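What follows is a single structure, written as structure tokens, with notes after it.
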Protein chains: 2
Amino acid sequence: MAVDATHPASAGEAAAATPGRVTKRRVRTRAKLLDAAFDVFAAKGFGRVSIEEVCEAAGYSRGAFYSNFATLDELFFALYRQRADVIAEQVAGALALDGPDLDVPAAVDRVTEVLLLDLDWLLVKTDFLVHAARDPEIARTLLEHRSRLRGAIAERLGRAQGHTALPAVFGGADGAAHAVIAAYDGVTTQLLLDKDVERARAWLGQLLTALLTEGARTDTGH
Amino acid sequence: MAVDATHPASAGEAAAATPGRVTKRRVRTRAKLLDAAFDVFAAKGFGRVSIEEVCEAAGYSRGAFYSNFATLDELFFALYRQRADVIAEQVAGALALDGPDLDVPAAVDRVTEVLLLDLDWLLVKTDFLVHAARDPEIARTLLEHRSRLRGAIAERLGRAQGHTALPAVFGGADGAAHAVIAAYDGVTTQLLLDKDVERARAWLGQLLTALLTEGARTDTGH
DNA sequence: CTCGTCGGATACGCGAATGTATCGGATACA
DNA sequence: TGTATCCGATACATTCGCGTATCCGACGAG
């Protein structure tokens, strides 16, 4: 549950004016606040959560919060960055697992395993999407995240083009990567409503193979 | 802009205990409140809107609100039902426009025209999705809506199977309808971030033709 | 061990939003 | 036109959450 955030704050923090010493205690409470915030956000939704609720869940008082963040939005942003980076690494890992050749069905399985694992994360992520949709600054950040991920996928798809020819509808590997992302987002929407992770995985697998292979393959996942 | 809501409240309202006379004035203010709420929700997001803001935008005081709704959630729900029903009708209309045969590309164009028209509606709809994701009762309602829409699409796809064979990956027309919905949801996600409606339409067109036609068609929309 | 600094707790004042109770004008119907 | 009813406005009390200022214990350096 607890994401490892013990490393010093990554560059580009908008927070306090760089205190000379970064105490161990500070890092610990910051991490606890983030973890607690994740649970509370997942349970009630960002819009319905008060600062005090987060603090209570983390076992701190509001003083601790204001010592670490200026506003709930800032915490939310930090939380998203933290978790999203972890996921992105895992996806990159799952994509790199094969040798130079890409076994599409296997890679699809591994990636869906990572992406459709945690319903709570999907909830928080969607909250963040809604948030970003109304704040151009945040939207830019999210778009960059997505673009980086898409780049990794496209690169991987391109490298395997000899083996499994991609459909021509999309202009090359980049278009195909776009399609992969869209399929993932689409499946996510349904998953948020019916909460059936297994079905979502199988369904995403079908969609991806349908999108990524020219001829239809009769490989019903489940 | 103003959705026609002058008809008496549809059956199944959870609101006040059926006043004997439904005054014209009442219906009018209720509709104005709903319209104002739409604008405010779209602009700021459901979670960041107060009852008073809605009333102010509608030109009423809080008394009017409490006379028509018990809570903001109730208004939100009513708003969603109203608009979603309108959209559903429009989609059904766009699907039925051909004769008995379905011209896939044309139908796709018409449907995307309807579905990706109003960014504000997408914002509100996504807010509602997030809302539903945390309330099983509301989730059920939304799932039923989606299921009805999907049924209409599947029925239409099935009726045209002779002309354009569907890929075999999905089990028949129903699976294909699922795919259509997923593609729509996926494109929506990206659209919420980059706000580029035209690109979204073209992109959705590509995705749908890629999904619905067996062989790849070299029809780059833009 | 001691001291200086840091981080979180506590207490306070404030503003915003809520829900209710009551009032006066509008509306429908005879 | 008169009147009973309905609807929305106004006023009020209350609660909730926020941000700040201050204090004390913890931590780290020497």
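Quick caveat, the model's predicted, so the values are computed rather than measured.
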Let me test you: for the helix from dC1(C)-dG30(D) to dA30(C)-dT1(D), what is the angle between the axes at its two ends (five pairs each), rounded to 10 degrees? 30°
According to ring-ring contact (aromatic ring centres under 6.0 Å, His included), who are the partners of Phe77(B), at least two apart in sequence or on a separate chain? none
Phe46(A): ring-ring contact (aromatic ring centres under 6.0 Å, His included) partners, not counting sequence neighbours: Phe41(A), Phe76(A), His131(A)
Apply side chain to side chain donor-acceptor pair (under 3.5 Å) to Arg199(B) and list each qualifying residue two or more places apart in sequence or on a separate chain. Asp196(B)
By side chain to side chain donor-acceptor pair (under 3.5 Å), which residues pair with Ser50(A), not counting sequence neighbours? Glu53(A)
Interatomic distance, Arg28(B) CZ vs dC7(D) C1' [rounded to whole Å]: 12 Å
To the nearest angstrom, the CZ-P distance between Phe69(B) and dC7(D) comes to 13 Å
Applying side-chain contact (heavy atoms from CB on, under 4.5 Å), name anything that partners [X], two or more places apart in sequence or on another chain.
| X | value |
| --- | --- |
| Ala106(B) | Asp103(B), Arg110(B) |
| Leu117(B) | Arg201(B) |
| Asp174(B) | Ala154(B), His178(B) |

Using side-chain heavy atoms (C-beta onward) and a distance below 4.5 Å, is Phe128(B) in contact with Val124(B)? no
With a 4.5 Å cut-off on side-chain heavy atoms, are Thr71(B) and Leu75(B) touching? no
Atom pairs, protein N/O to nucleotides 9-11 of chain D N/O, distance under 3.5 Å:
from, atom 1, to, atom 2, distance (Å)
dA9(D), OP1, Ser61(B), N, 3.4
dA9(D), OP2, Ser61(B), N, 2.8
dA9(D), OP2, Ser61(B), O, 3.3
dA9(D), OP2, Ser61(B), OG, 2.5
dA9(D), O5', Ser61(B), OG, 3.2

Between Asp35(A) and Arg30(A), is the closest basic N to carboxylate O distance under 4.0 Å? no
So does Asp135(B) pair up with Arg140(B), basic N to acidic O under 4.0 Å? no
With rounding to the nearest 0.5 Å, note down the distance linking CG in Leu193(A) to CD1 in Ile138(B). 11.0 Å
Would you jot down, in residue-number order, the residues of residues 42-56 of chain A having a non-hydrogen atom under 4.0 Å from DNA chain D? Ser50(A), Ile51(A), Glu52(A)
Find every protein N or O atom lying less than 3.5 Å from an N or O atom of nucleotides 22-25 of chain D, and list the pairs.
from, atom 1, to, atom 2, distance (Å)
dG25(D), N2, Arg25(A), NH2, 3.3

Listing request: all side chain to side chain donor-acceptor pair (under 3.5 Å) pairs with a residue in residues 118-129 of chain A, at least two apart in sequence or in separate chains. Asp127(A)-Arg134(B)
Report the nucleotide, chosen from dG19(D), dA28(C), dG7(C), that has the shortest atom-to-atom distance to any side-chain atom of Tyr66(A). dG19(D)
